[in-house]
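What follows is a short report on a single structure.
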Amino acid sequence: VQLQASGGGLVQAGGSLRLSCTASGDIVSINYMGWYRQAPGNQRELVARISSGESTNYQDSVKGRFTISRDNAKNTVYLQMNSLKFEDEATYYCYADGIQRGLWNTRTFNSWGQGTLVTVSS
């Protein structure tokens, strides 16, 4: 299963960006979809994730500013980021796990997107 992320870019502090990530392949079902981020010198950290039943989890630092959502028909997850701060600057990676079709059976997958850079300027 491949994930294609888009939507990163340069934004002023206080501005907004919307990230998108679409999963493709022989997908039977997707359980969690989510976004992680990694700033230079830091470990990759969870930003937000959403289950197939649309329950959500957020990192405390983004609660109230970021909103994660998904379109199951399109196998796509979104991250609406508002009121961006300098500390939000990072490369953002989308993630998905679930079940995919194999040649003879089904198997689990967990996949990562290629990363999209979010730069916050003054």
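Here, residue 1 is the first one in the sequence, and each next residue gets the next number. All values derive from a computational prediction rather than experimental measurement.
Pairs engaging residues 17-41 under the salt bridge (charged side-chain N to carboxylate O under 4.0 Å, His left out) rule: R37-E45, R37-D88 [sequence neighbours left out].
Between the side chain of R70 and the main chain of S51, a donor-acceptor pair closer than 3.5 Å is present. Proximity of a side-chain donor or acceptor of T76 to a complementary backbone N or O of T22 within less than 3.5 Å is not detected. Checking side-chain atoms of Q38 against main-chain N and O of Y92 turns up no donor-acceptor pair under 3.5 Å.
Taking OG of S83 as the reference point, atom CZ of R65 lies at 7.0 Å (rounded to 0.5 Å). Interatomic distance, CG of D97 versus OG of S111, reported as 9.0 Å (0.5 Å rounding). Here the CG-OG distance, from N31 to S52, works out to 5.0 Å after rounding to the nearest 0.5 Å. Here the CG atom belonging to L79 is positioned 10.5 Å from the SG atom belonging to C94, to the nearest 0.5 angstrom. In this structure, the separation between CG on N82 and OG on S16 is 3.5 Å, given to the nearest 0.5 Å. With rounding to the nearest 0.5 Å, the separation of OG1 in T119 from CD in Q12 is 13.0 Å.
Looking at S121 and V11, their side chains never come closer than 4.5 Å, going by heavy atoms from C-beta outward. Under the 4.5 Å side-chain criterion, counting only non-hydrogen atoms from C-beta, T106 is not in contact with Q100. With a 4.5 Å cut-off on side-chain heavy atoms, Y95 and L46 do not count as touching. Between V77 and W35 there is a side-chain heavy-atom pair separated by less than 4.5 Å. Side-chain contact check for L19 versus Y78: every heavy-atom pair is 4.5 Å or farther apart. By the 4.5 Å heavy-atom criterion applied to side chains, F109 and I99 are not counted as neighbours.
For the pair Y58 and A48, the tightest heavy-atom approach, listed with the atom from each and the gap, is CD2-CB, 3.5 Å. Here the closest non-hydrogen pair linking M81 and V118 is CE-CG2, 3.8 Å. When every heavy atom of M33 is checked against every heavy atom of C21, the shortest pair comes out as CE-O, 4.2 Å. Scanning both residues, Q114 and L3, for their nearest heavy atoms gives OE1-O, 3.7 Å.
Aromatic ring centroids of Y36 and W112 lie under 6.0 Å apart.
Stacking of R49 on the aromatic ring of Y32 is recorded, both the 6.0 Å distance cut-off and the 45° axial limit being met.
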Exercise for the section: Check the pair L17 / L84 against side-chain contact (heavy atoms from CB on, under 4.5 Å), numbers first and verdict last. Expected result: CA-CA 8 Å; L17 278 178; L84 281 160; 4.2 Å; yes
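If you chain together hydrophobic residues whose side chains sit under 4.5 Å apart, I68 and F66 fall into the same group. The hydrophobic cluster containing I27 also contains I50, counting ILVMFWY residues as joined when their side-chain heavy atoms lie under 4.5 angstrom apart, directly or transitively. Under the 4.5 Å side-chain heavy-atom criterion for Ile, Leu, Val, Met, Phe, Trp and Tyr, L10 and F86 are members of distinct hydrophobic clusters. In the hydrophobic clustering of this structure, I30 groups with V47; members are Ile, Leu, Val, Met, Phe, Trp, Tyr whose side-chain heavy atoms approach within less than 4.5 Å, directly or through other members.
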